[in-house]
Amino acid sequence: MMENKNIVITGANAGLGFETARALAKMDANVMMLCRSLEKGTLAADKIRAEYPSAKLQVLPVLLESQQNIRQVALKIREEFPVIDVLVNNAGTWISELTFTEDKVESMFAINHLAYFLLTHALYPNLILAKEPRVVSVASDSHFQGKINFEDIHLTKNYHGLRAYAQSKLANIHFMYELNRRKPAEHLSTFAVQPGLVKTDIGVKKTNWLHALAWKLRRSGGVSPEVGAQTQIFLASNPSIHEKSGLYWDKCKPKSSSADTYKIEDAEKLWDLCCEFCKIDDFFKPDF
């Protein structure tokens with residue numbers, strides 16, 4: 001079913017993103033691997049090709065904390081894939097200390113959420129040309145502890161990595177639900193995913209020693225990236241779920257998300273805030 005379909009995956013060189021790229025390449029899809037490092041992305045692609053020599057993979061470096069770079073990379077993707085069947089917003093980060101991007105946005109909110117929002121916006125014209133286009137965004141049950149702090153979205157008054165991460169994951173679900181409500185193209189499906197506790201390095205790259213130690217202990221009880229990626233692979237490839245748009249998925253089944261995710265007024269307010277941050281006039285009509 002995935003033969004020659006065009007797939008874009010962020011954070012595809014490791015963890016959940018790598019396993020998603022690997023599985024879809026095995027299904028004979030054309031996979032665009034968006035990776036922070038060209039070198040690491042190339043090594044990951046070579047690893048997949050060693051297992052599946054016929055894998056159709058391309059690697060494109062992107063800095064998801066930079067809106068300018070996201071737009072530049074999106075133009076390259078649109079040229080390479082005039083039609084995009086699936087966008088998997090997978091890449092994420094966990095940062096202990098309060099930091100800001102070049103766009104003056106708190107880093108975790110920028111990378112974990114605004115990058116999803118902006119890349120989906122940028123690729124929307126190509127997505128809707130597909131027969132059954134899908135946007136799959138990796139969220140987390142951490143969103144149950146989250147709150148969108150509209151009065152202090154950067155959490156400057158009370159920053160903590162867990163609080164910022166939970167806020168970004170709550171924002172991901174709001175985005176998938178609101179995109180499903182607003183989309184002019186009815187055939188576009190949107191899915192938010194809970195991968196579960198997965199043994200990845202997300203909690204050790206940009207964290208202090210205490211948080212890194214806590215994550216290493218916590219992830220020891222998690223599943224492998226191959227197991228954790230199964231729901232996003234299922235949503236990207238299974239033809240039977242195309243009509244089940246705008247839902248939150250766990251273990252290949254939809255489930256309820258937090259009460260906050262169903263507050264439409266908050267979703268609308270967040271949508272407008274993200275458009276403001278990304279300087280978007282009309283989400284469905286990219287002007288670049």
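Here the structure is a predicted model, which means the values were calculated and not measured. Along the sequence shown, the residues carry numbers beginning at 1.
- T120 and N89 are linked by a side-chain donor-acceptor pair at a separation below 3.5 angstrom, with hydrogens and angles left out of the test.
- Using a 4.5 Å cut-off on side-chain heavy atoms (C-beta onward), W249 and K244 make contact.
- Other residues sharing a hydrophobic cluster with M1 under the 4.5 Å side-chain heavy-atom criterion for ILVMFWY residues do not exist; the residue is a singleton.
- Between the side chain of R36 and the backbone N or O of N13, no donor-acceptor pair lies under 3.5 Å.
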Run the side-chain donor-acceptor check on residues 178-190: report pairs under 3.5 Å with partners two or more places apart or on a different chain.
residue	atom	partner	partner atom	Å
E178	OE1	R181	NE	2.9
E178	OE1	R181	NH2	2.8
E178	OE2	R182	NE	2.6
E178	OE2	R182	NH2	3.3
N180	OD1	K183	NZ	3.0
N180	OD1	S245	OG	2.5
K183	NZ	L188	O	2.3
H187	NE2	I128	O	2.8
H187	NE2	A130	O	3.2
S189	OG	H242	O	2.5
S189	OG	H242	ND1	3.2
T190	OG1	M176	O	2.9

Listing, residues 279-288 side-chain donor-acceptor contacts under 3.5 Å, not counting sequence neighbours, or none:
residue	atom	partner	partner atom	Å
D282	OD1	F284	N	3.0

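- To the nearest 0.5 Å, atoms NE2 (H174) and NZ (K269) are separated by 11.0 Å.
- Taking a 4.5 Å side-chain heavy-atom cut-off between Ile, Leu, Val, Met, Phe, Trp and Tyr, the cluster of L114 extends to V105, F109, I148, F150, I153, L170, L270, L273, F277.
- Under the 3.5 Å distance criterion, the side-chain polar atoms of T231 are matched with a main-chain donor or acceptor of K251.
- In plain terms, the two heavy atoms of A139 and I173 that are nearest each other are CB-CG1, 3.7 Å.
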Taking only distance into account, with no hydrogens and no angle test, what donor-acceptor pairs under 3.5 Å do side-chain atoms of residues 22-30 form with protein atoms, sequence neighbours excluded?
residue	atom	partner	partner atom	Å
R22	NE	E51	OE1	2.9
R22	NH1	E19	OE1	3.2
R22	NH2	E51	OE2	2.9
D28	OD1	K56	NZ	3.3
N30	ND2	N4	O	3.2
N30	ND2	N6	OD1	2.9

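- Both V88 and M33 are assigned to one and the same hydrophobic cluster, defined by single-linkage of ILVMFWY side chains at heavy-atom distances under 4.5 Å.
- Not a single donor-acceptor pair under 3.5 Å links the side chain of H154 to the backbone N or O of T156.
- Although no hydrogens or angles enter the test, the distance criterion places a donor-acceptor pair under 3.5 Å between the side chain of T10 and the main chain of A91.
- Between S168 and N112, the closest heavy-atom pair is OG-ND2, 3.2 Å.
- Between the side chain of R78 and the backbone N or O of V73 there is no donor-acceptor pair closer than 3.5 Å.
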Item to check | Test log, rule side chain to side chain donor-acceptor pair (under 3.5 Å), inputs S240 and N238 | outcome: CA-CA 6 Å; S240 68; N238 193 296; 2.4 Å; yes
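- Judged as a side chain to side chain donor-acceptor pair (under 3.5 Å), and not counting sequence neighbours, D103 has no contacts.
- For E102, the CD atom sits in a packed shell: over 12 heavy atoms of surrounding residues, nucleotides or ligands are nearer than 6.0 Å.
- Smallest separation of non-hydrogen atoms from M108 and G161: CE-O, 3.5 Å.
- The two atoms that bring V59 and G41 nearest to each other are CG2-O, 3.5 Å, heavy atoms only.
- Applying the ring pair (Phe, Tyr, Trp, His ring centres under 6.0 Å) criterion to F81, with sequence neighbours excluded, gives no partner residue.
- Judged as a ring pair (Phe, Tyr, Trp, His ring centres under 6.0 Å), and not counting sequence neighbours, Y159 has no contacts.
- Judged as a side chain to side chain donor-acceptor pair (under 3.5 Å), and not counting sequence neighbours, the contacts of T99 are S107.
- Shown here for S237 and M2, the closest heavy-atom pair between the two residues is CA-SD, 3.5 Å.
- Of the N and O atoms on the side chains of Y248 and D141, at least one donor lies less than 3.5 Å from an acceptor on the other residue.
- Counting side-chain heavy-atom gaps under 4.5 Å among Ile, Leu, Val, Met, Phe, Trp and Tyr, F144 is found in no cluster with other residues.
- Taken from SG in C35 to CG in L63, the straight-line distance is 12.0 Å, to the nearest 0.5 Å.
- In this structure, the separation between CG on L155 and CZ on R163 is 7.0 Å, given to the nearest 0.5 Å.
- By the 4.0 Å N-to-carboxylate-O rule, D152 lies too far from K157 to be salt-bridged with it.
- The side chain to side chain donor-acceptor pair (under 3.5 Å) search around Y177 returns S257, not counting sequence neighbours.
- S256 pairs by the side chain to side chain donor-acceptor pair (under 3.5 Å) definition with nothing, not counting sequence neighbours.
- For the atom pair CG of L123 and CE of M32, the computed distance is 9.5 Å after rounding to the nearest 0.5 Å.
- Neither V31 nor L87 shares a network with the other; the hydrophobic side chains, linked directly or stepwise wherever heavy atoms of I, L, V, M, F, W or Y lie under 4.5 Å apart, form separate groups for each.
- In the displayed structure, K253 atom NZ is contacted under 6.0 Å by at most 12 heavy atoms of other residues, nucleotides or ligands.
- With D85 contributing its side chain and E132 its backbone, the two residues share no donor-acceptor pair below 3.5 Å.
- Between F117 and F175, the two ring planes are tilted [angle within 30° to 60°].
- The distance from the CG atom of N158 to the CG atom of L98 is 11.0 Å, given to the nearest 0.5 Å.
- Atom OH in Y116 sits 9.5 Å away from atom CG in L64 (nearest 0.5 Å).
- Heavy atoms only, all atoms of each residue included: A236 and V136 are closest at N-CG2, 4.3 Å.
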